Amino acid sequence: MGEMYIRVAEDENEEPMEIPSEDDGTVLLSSVAAQFPGACGLRYRSPVSQCMRGVRLVEGVLHAPESNWGNLVYVVNYPKDNKRKMEEMDAASAVKIKRGIQKTSDLIVLGLPWKTSEQDLKDYFGTFGEVIMVQVKRDPKSGNSKGFGFVRFADYETQVKVMSQRHMIDGRWCDCKLPNSKQGPDEPLRSRKVFVGRCTEDMTAEDLREFFMQYGEVTDVFIPKPFRAFAFVTFADDQVAQSLCGEDLIIKGVSVHISNAEPKHGNSRQMMERGRFGGVCFLCNSLQYFVFKTYIFAFCFEEEILNVVERFTQSGQHYCIE
DNA sequence: GTTGAGCGTT
């Protein structure tokens with residue numbers, strides 16, 4: 001038969017590449033793999049049945065169908081769950097993220113007027129997007145509203161939008177948040193909050209909010225007092241928060257460093273057991289945590305320390321200095 | 001029958 005070339009592509013619609021055959025008309029899998037690393041075989045679309053057919057492979061040698069390769073385009077087979085497949089998966093999920101196609105979750109609606117009904121909720125939230133669930137929590141006996149409820153949207157974009165603002169419902173301001181049951185260690189790498197290090201004292205919460213708005217909806221800015229050269233910024237969308245981690249950004253002419261705000265397993269008990277941060281506070285004589293000098297943790301990005309700092313500053317409790 | 005920070009009878 002003599003040496004010839006067969007046309008091979010990664011996809012039926014892509015431009016094929018010519019792969020040399022052997023003198024006996026067969027094609028070595030190694031020849032295919034030389035151009036398509038990781039290839040484990042070939043397939044083609046039968047002109048008769050219009051189905052994909054596999055090419056016979058015996059000990060690394062590909063045999064022509066009908067003893068003739070013809071002018072068909074052969075498509076490369078890759079092993080299941082190999083690198084290429086993984087890349088396709090990544091690409092697919094990346095598209096999902098970019099398009100905002102993400103699983104939604106129930107949002108708790110806090111501050112509802114006693115009179116607000118589920119129909120009221122549906123009518124109100126329906127103006128943001130498709131509502132697929134509403135609930136008003138009531139006392140089973142009396143049927144009286146407990147003043148809070150839940151809502152679930154069809155689209156993640158809608159959820160983000162709704163979480164990013166307050167809501168005037170039947171004359172009261174209400175907040176929509178992720179319920180506690182949906183937070184926590186459910187998805188540890190999905191933090192919506194970032195740590196902003198190297199802050200200067202002239203950076204106000206409003207400065208930070210305005211700056212970070214360019215990346216996405218900002219739902220909270222927290223600056224510890226007294227000044228400690230860091231802040232926490234929370235976004236409505238965890239993807240935004242994650243995308244900023246590791247960045248050095250310029251705010252008011254100074255470079256701040258963004259890193260993750262929440263430890264994967266930042267358990268205060270674990271820290272105490274390690275004996276690194278445990279002890280008795282000389283101020284209150286009963287607290288069990290130490291926080292070191294400002295300049296130490298201000299420039300230290302160890303998640304555990306930051307978590308402790310945040311717990312203290314947010315709870316309004318005093319803290320210990322050495 | 002009241003109230004106003006919170007966290008969901010299944």
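Because the structure is predicted, anything quoted here is derived from the model rather than measured. Throughout, protein chains are lettered first and strands after them, A, B, ... in sequence-line order, and every chain is numbered starting at 1.
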Item to complete: Could you tell me the separation between the CG atom of N180(A) and the P atom of dC7(B), rounded to a whole number of Å?
Response: 6 Å
Worksheet item: Can W114(A) be called stacked on dG4(B) when the rule is centres closer than 5.5 Å and an angle between planes below 30°?
Response: yes
Kindly list each side-chain donor-acceptor pair under 3.5 angstrom involving residues 49-58 of chain A, sequence neighbours excluded, with atom names and distances?
from	atom 1	to	atom 2	distance (Å)
S49(A)	OG	S46(A)	OG	3.3
S49(A)	OG	C51(A)	N	3.1
Q50(A)	NE2	P47(A)	O	3.3

Worksheet entry | Integer-rounded Å distance: dG4(B) C1' and D175(A) CG | 12 Å
Practice prompt. Return each pair, listed once, that meets ring-ring contact (aromatic ring centres under 6.0 Å, His included) where at least one residue sits in residues 13-46 of chain A; pairs must be two or more places apart or across chains.
Written response: Y44(A)-Y74(A)
Discussion item. Suppose we screen for side chain to side chain donor-acceptor pair (under 3.5 Å). Which residues come up paired with S145(A), at least two apart in sequence or across chains?
Written reply: none
Worksheet entry | Quiz item: D106(A) side-chain donor-acceptor pair to dG8(B) base, under 3.5 Å | yes
Worksheet entry | Nucleic acid contacts of residues 134-143 of chain A, taken as heavy-atom distances under 4.0 Å to DNA chain B | Q135(A), K137(A)
Worksheet item: From dG8(B), dG6(B), dC7(B), pick the nucleotide closest to the side chain of K146(A)?
Response: dG6(B)
Discussion item. Rounded to the nearest 0.5 Å, what separates atom SG in C176(A) from atom CG in D106(A)?
Written reply: 11.5 Å
Practice prompt. Starting from P on dA5(B), measure out to NZ on K177(A) and report it in whole angstrom.
Written response: 11 Å
Worksheet item: What nucleic acid atoms does L112(A) come within less than 4.0 Å of, heavy atoms only: base, sugar-phosphate, or nothing?
Response: base
Worksheet entry | Out of dG6(B), dG8(B), dG4(B), whichever nucleotide has its closest atom nearest the side chain of R172(A) | dG4(B)
Fill in: Under the side chain to side chain donor-acceptor pair (under 3.5 Å) test, residues paired with E12(A) that sit two or more places apart
R45(A)
Discussion item. Using whole Å, what does the distance between atom C1' of nucleotide dA5(B) and atom CD1 of I108(A) come to?
Written reply: 11 Å
Item to complete: Return the set of residues passing side chain to side chain donor-acceptor pair (under 3.5 Å) with Q119(A) (not counting sequence neighbours), or none when no residue passes.
Response: D123(A)
Practice prompt. Go through the steps for R192(A) and D237(A) under the test salt bridge (charged side-chain N to carboxylate O under 4.0 Å, His left out), then give the verdict.
Written response: CA-CA 6 Å; R192(A) 294 155 49 235; D237(A) 191 338; over 6 Å; no
Worksheet item: How long is the line joining CZ of F150(A) and P of dT10(B), in whole Å?
Response: 12 Å
Discussion item. If stacking means aromatic ring centre less than 5.5 angstrom from the base's six-membered ring centre, planes under 30°, is F148(A) stacked on dG6(B)?
Written reply: no
